[in-house]
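The structure displayed is predicted, hence computed values, not measured ones. Note that the numbering runs from 1 along the sequence shown for the chain.
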Amino acid sequence: MADRRRTPPAPRPPRGPMAGLVGAVERPRPAVPLDDLDRRILRRLAADPRASQRQLARECQVSAPAVADRITRLERLGVIRGYTVTIDWASVGYPVLVYIPIIIAPGADLGTILTQLREIPELDELIVVTGAYDLMARFRLRDHAHLQELLLDALWAIEGIQRIETFLSLGEVPRGNIIEKLVGDPDAG
């Protein structure tokens with residue numbers, strides 16, 4: 001007698017207008033359990049990524065090897081993805097911050113569009129969004145002429161971009177320490 005079990009059909013590749021983004025969008029990872037020491041280390045590193053492990057150990061009242069082990073674990077699990085520096089963009093000649101929401105034309109080659117956008121040196125961030133737009137790009141620019149150059153020579157030249165808008169930033173509002181709000185302060189009441 002023949003085996004009547006059916007093999008499940010192979011998954012179909014996505015076909016929607018934004019299907020090309022499926023492999024390009026970073027997927028969220030599951031939450032990593034954090035204890036009080038992890039939180040203290042994260043808060044301290046968020047405030048000063050250059051803090052030494054010895055200094056962190058003193059402030060957290062644990063040994064330097066314990067801090068090193070925790071940092072290694074947090075890096076391995078992807079909680080700590082890197083160490084950074086905050087740049088005053090105006091002081092290096094890029095005082096203009098521009099947000100450009102983008103609508104992609106139906107049937108456009110998203111892979112090519114993403115590649116061309118990533119090749120623009122002034123691109124600071126590119127995210128996929130929901131709603132009326134498909135992508136939101138953030139650019140660091142020198143001045144109005146630089147914006148004009150970006151629009152005319154780079155963005156409008158990308159085949160498949162159906163529509164964009166331009167939002168000029170008037171200035172950034174200083175933010176608080178977000179890690180304090182989201183991860184919490186184990187030392188607080």
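Ile80 and Leu77 fall within a single hydrophobic cluster, where Ile, Leu, Val, Met, Phe, Trp and Tyr are joined by side-chain heavy atoms under 4.5 Å apart, directly or via other members. Hydrophobic clustering (side-chain heavy atoms under 4.5 Å, transitive across Ile, Leu, Val, Met, Phe, Trp, Tyr) groups Leu110 together with Leu155. Hydrophobic clustering (ILVMFWY, side-chain heavy atoms < 4.5 Å, transitive): Ile161 and Ile120 are in one cluster. Neither Phe167 nor Leu123 shares a network with the other; the hydrophobic side chains, linked directly or stepwise wherever heavy atoms of I, L, V, M, F, W or Y lie under 4.5 Å apart, form separate groups for each. A single hydrophobic cluster is seen to contain both Leu151 and Ile102, as judged by linkage of ILVMFWY side chains at heavy-atom distances under 4.5 Å, directly or through other members.
Closest heavy-atom contact between Cys60 and Leu37: CB-CD1, 3.7 Å. In terms of heavy atoms, Asp38 sits closest to Pro33 at OD2-O, 4.0 Å. For the residue pair Leu141 and His146, the shortest heavy atom distance occurs at CA-ND1, 3.5 Å. Leu34 and Arg39 make their closest contact through O-NH1, 2.8 Å (heavy atoms, listed as atom of the first residue, atom of the second, distance). The nearest pair of heavy atoms linking Gly78 to Arg29 is CA-NH1, 3.3 Å. Heavy atoms only, all atoms of each residue included: Ala137 and Leu126 are closest at CB-CD1, 3.9 Å.
Side-chain contact between Leu135 and Leu117 is present, with heavy atoms from C-beta onward closer than 4.5 Å. Within the 4.5 Å cutoff, the side chain of Leu147 has heavy atoms near those of the Leu168 side chain. No side-chain heavy atom of Val98 sits under 4.5 Å from any side-chain heavy atom of Leu150. Under the 4.5 Å side-chain criterion, counting only non-hydrogen atoms from C-beta, Asp35 is in contact with Arg70. Two residues are said to be in side-chain contact when any heavy atoms from C-beta on lie closer than 4.5 Å; Arg44 and Gln55 meet this criterion. Within the 4.5 Å cutoff, the side chain of Arg142 has heavy atoms near those of the Glu149 side chain. Side-chain contact between Phe139 and Val96: absent, with no pair of heavy atoms (C-beta onward) separated by less than 4.5 Å. Contact of the Tyr83 side chain with the Arg50 side chain is not registered, since no non-hydrogen atoms from C-beta on lie closer than 4.5 Å.
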- Task: Go through the steps to decide whether Leu56 and Ile71 satisfy the test side chain to side chain contact (heavy atoms under 4.5 Å, CB included), and finish with yes or no.
- Result: CA-CA 10 Å; Leu56 291 170; Ile71 290 173; 3.8 Å; yes
- Query: Could you go step by step and tell me if Ile158 and Thr112 meet the side chain to side chain contact (heavy atoms under 4.5 Å, CB included) rule?
  - Reply: CA-CA 9 Å; Ile158 298 175; Thr112 301; over 6 Å; no
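At most 12 heavy atoms of other shown residues, nucleotides or ligands fall within 6.0 angstrom of atom CD in Gln61. Crowding of Ile127 atom CD1: a count of heavy atoms from other residues, nucleotides or ligands under 6.0 Å exceeding 12. The neighbour count for Arg73 CZ, taken as heavy atoms of other residues, nucleotides or ligands under 6.0 Å away, is above 12.
Distance CG/Asp36 to CD1/Ile41: 11.0 Å, rounded to 0.5 Å. For the atom pair CZ (Arg58) and OG (Ser52), the distance works out to 6.0 Å, reported to the nearest 0.5 Å. To the nearest 0.5 Å, atom CG of residue Leu97 and atom CD of residue Glu122 are 13.0 Å apart.
Remark: the backbone N or O of Asp124 is not paired with any side-chain donor or acceptor of Arg140 at under 3.5 angstrom. Although no hydrogens or angles enter the test, the distance criterion places no donor-acceptor pair under 3.5 Å between the side chain of Asp69 and the main chain of Ala66.
The stretch residues 89-105 participates, sequence neighbours left out, in no side chain to side chain donor-acceptor pair (under 3.5 Å) pair at all.
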